[in-house]
A.B. asks: 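Take a look at the following structure, please.
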Number of protein chains: 2
Amino acid sequence: MIKTVAIQGIKGSFHHIVSQQYFENEINVIECLTFDKAVESLMNKESDAVIMAIENSIAGSIIPNYALIDSYHLYIVGEHYLDVQHNLLTLSDQTIDDIEEVYSHPMALLQCKEFFKDYPSIKLVEDKDTAEVAQRIHINQLKGIGAIASKLAAELFELEILAPSIQTIAHNETRFVIVKRENHEIPEIEINKASFKFSLDHKRGSLATILNVMSDCKLNLTKIQSLPIIDTPWKYAFFVDVTFADYKDCIKAKSIMNIMAQDFKILGEYKNARI
Amino acid sequence: MIKTVAIQGIKGSFHHIVSQQYFENEINVIECLTFDKAVESLMNKESDAVIMAIENSIAGSIIPNYALIDSYHLYIVGEHYLDVQHNLLTLSDQTIDDIEEVYSHPMALLQCKEFFKDYPSIKLVEDKDTAEVAQRIHINQLKGIGAIASKLAAELFELEILAPSIQTIAHNETRFVIVKRENHEIPEIEINKASFKFSLDHKRGSLATILNVMSDCKLNLTKIQSLPIIDTPWKYAFFVDVTFADYKDCIKAKSIMNIMAQDFKILGEYKNARI
């Protein structure tokens with residue numbers, strides 16, 4: 001039973017919104033300024049789970065978060081998709097011409113860069129967290145400064161939405177995972193998605209062979225990502241996500257992949273959030 | 001003939017080092033503070049090519065740069081691997097205990113985060129460019145401030161290397177690509193690597209089928225990355241890199257993939273820099 005989750009960011013951040021949408025019951029939230037700190041709180045048993053952004057359409061996979069899951073031997077026990085809507089937030093008496101600087105998380109700035117092309121005089125500054133900037137503007141009553149953050153952050157920190165949904169892509173989905181120290185949050189019957197990691201030598205056809213196994217076992221590939229293995233030239237690690245109708249098919253595929261691929265590892269088995 | 005290249009960052013940056021190592025002849029360098037600006041200079045014909053970091057072992061692919069190549073219909077005409085060594089640079093009369101803040105590019109901070117765990121009082125601040133911070137420390141003679149940047153930046157801006165090679169991974173390789181408006185910088189006989197993009201419906205075995213084609217045509221996969229296609233659920237784009245001994249094999253694979261995959265696109269054909 002998850003009672004306390006660690007999130008990257010403060011209340012009002014997109015990770016906070018995910019915690020509200022994913023969990024049905026009331027949940028305690030531990031605010032962390034980095035993903036590393038969030039994982040630390042999990043390892044120290046201050047939290048029962050971590051919510052982590054893992055991929056989006058613009059930046060692709062967030063590989064450092066895969067590395068955290070891998071190196072701390074954590075498990076993905078659930079996933080959630082959030083349609084991330086970015087808003088330009090300011091104190092209520094401001095117009096766009098008053099704004100000299102806008103602070104936000106690098107990912108938010110990246111996702112909104114088209115909007116700011118029309119306002120070349122506004123300086124964009126990278127910051128730790130979307131909501132934390134909104135909080136700072138509120139506490140210090142900062143004029144001339146904008147935040148890019150959620151509607152929830154506008155409500156929590158009494159800011160005005162000067163421009164809504166300023167991200168370049170209207171339907172801007174980010175995938176989040178819920179991560180724990182142990183595998184299996186849910187009964188086997190409900191499991192229909194899994195994340196694996198394995199490595200292969202750089203030999204012609206080696207990946208095709210593994211994908212044929214997965215296909216033969218009726219697994220659908222929803223994501224694949226290769227990564228060179230550090231200090232091991234010509235060897236690659238692969239991160240794959242698969243969906244399936246019957247968990248028995250997954251068990252069969254795992255037993256074959258365990259023999260055919262190297263360093264086969266289950267990163268998590270959970271419920272597909274996209275049906 | 002490439003005479004002028006646009007780089008992200010200023011002189012002393014890692015992109016500048018790549019420009020020195022890749023080109024045999026003397027080359028003019030246009031300093032740009034973002035990849036977008038570098039591509040703009042290429043489109044305006046102010047530069048003949050852009051040098052772009054495209055992947056590294058820690059962060060994986062730099063998807064926004066793939067998106068720039070794709071959306072501006074640019075071509076990869078060459079690649080270069082650089083062993084990125086990060087150094088802590090300060091004015092010459094400083095010790096580590098004097099340093100209160102360290103500024104650098106988010107990627108450099110990420111790659112050095114283990115080093116700074118031993119110095120929790122030092123505040124890490126994200127900045128635009130590694131070398132530009134070194135320049136700023138030099139020009140304003142800033143005490144108590146550190147930069148994470150190259151040895152070349154230390155030389156150019158007369159700073160001391162307070163700690164050398166502070167990145168977590170000793171052998172920290174980044175892959176850079178050289179990008180132009182037109183394909184084929186080199187004769188066909190020298191081409192032994194290619195980058196493709198294609199899309200597939202989410203159908204079981206569809207990727208395995210394409211990989212089998214590539215394998216049958218004697219192409220070796222060196223990189224694969226799936227990306228959900230924006231606003232098109234259940235359809236995926238794939239970025240792949242392949243190497244081959246004979247360009248004729250590549251021509252054959254291309255003609256089959258062009259039929260079997262959707263939206264097949266050649267992102268570049270060039271010489272493998274890793275032999």
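All figures in this text were calculated on a predicted structure; none of them were measured in a lab. Naming convention: chains lettered A, B, ... in sequence-line order (proteins, then strands); numbering from 1 in each chain.
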A.B. asks: Shorter than 4.5 Å, heavy atoms on both sides: which option in Ala237(B), Ser215(B), Gly205(B) has the most such pairs with chain A?
C.D. replies: Ser215(B)
A.B. asks: So which of Lys128(B), Met214(B), Gln225(B) has the biggest tally of heavy-atom pairs under 4.5 Å with chain A?
C.D. replies: Gln225(B)
A.B. asks: If we define contacts as heavy-atom pairs under 4.5 Å, which of Leu227(B), Asn172(B), Val242(B) has the most with chain A?
C.D. replies: Leu227(B)
A.B. asks: Is the count of non-hydrogen atoms from other residues, nucleotides or ligands lying under 6.0 Å from Gln262(B) atom CD greater than 12?
C.D. replies: yes
A.B. asks: Tell me whether Lys254(B) at atom NZ has more than 12 heavy atoms from other residues, nucleotides or ligands lying less than 6.0 Å away.
C.D. replies: yes
A.B. asks: To the closest 0.5 Å, what do you measure between CG (Leu200(B)) and CG (Leu221(A))?
C.D. replies: 10.0 Å
A.B. asks: Go through the atoms of Tyr66(B) and report whether side chain, backbone, both or neither lie under 4.5 Å from a heavy atom of chain A.
C.D. replies: neither
A.B. asks: Please look at Ile210(B) and chain A and tell me whether the side chain, the backbone, both or neither of the residue comes under 4.5 angstrom of a heavy atom of that chain.
C.D. replies: neither
A.B. asks: So, taking the atom named CD1 in Ile63(B) and the one named CD1 in Ile62(A), what distance separates them when rounded to the nearest 0.5 Å?
C.D. replies: 11.5 Å
A.B. asks: So does Glu100(A) have more than 12 non-hydrogen atoms from other groups sitting under 6.0 Å from CD?
C.D. replies: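 Atom CD in Glu100(A) is not packed in, count stays at 12 or less.
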A.B. asks: Got a second to check how far Asn212(B)'s CG is from Asn212(A)'s CG, nearest 0.5 Å?
C.D. replies: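 Those atoms lie 4.5 Å apart.
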A.B. asks: Of the backbone (N, CA, C, O) and the side chain (C-beta and beyond), which part of Asp36(B) lies under 4.5 Å from a heavy atom of chain A, both, or neither?
C.D. replies: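 When you check distances to chain A, only side chain atoms of Asp36(B) fall under 4.5 Å.
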A.B. asks: Measuring heavy-atom distances to chain B, does Phe239(A) have an atom under 4.5 Å in its side chain, in its backbone, in both, or in neither?
C.D. replies: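 The answer is neither part of Phe239(A).
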A.B. asks: How close do Tyr236(B) and Thr222(A) get, heavy atom to heavy atom, and via which atoms?
C.D. replies: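 The answer is CE2-O, 2.9 Å.
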A.B. asks: Kindly give the heavy-atom pair with the smallest separation between Arg204(A) and Lys218(B), and that separation in Å.
C.D. replies: CD-CA, 3.4 Å
A.B. asks: For each of Ser226(B), Ser206(B), Pro106(B), Ala67(B), tally heavy-atom pairs with chain A at distances under 4.5 Å, and name the one with the top tally.
C.D. replies: Ser226(B)
A.B. asks: Is it true that, when you exclude Lys265(A) itself, more than 12 heavy atoms of the residues, nucleotides or ligands shown sit nearer than 6.0 Å to its NZ?
C.D. replies: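 Yes, because the 6.0 Å sphere around NZ of Lys265(A) holds more than 12 heavy atoms from other groups.
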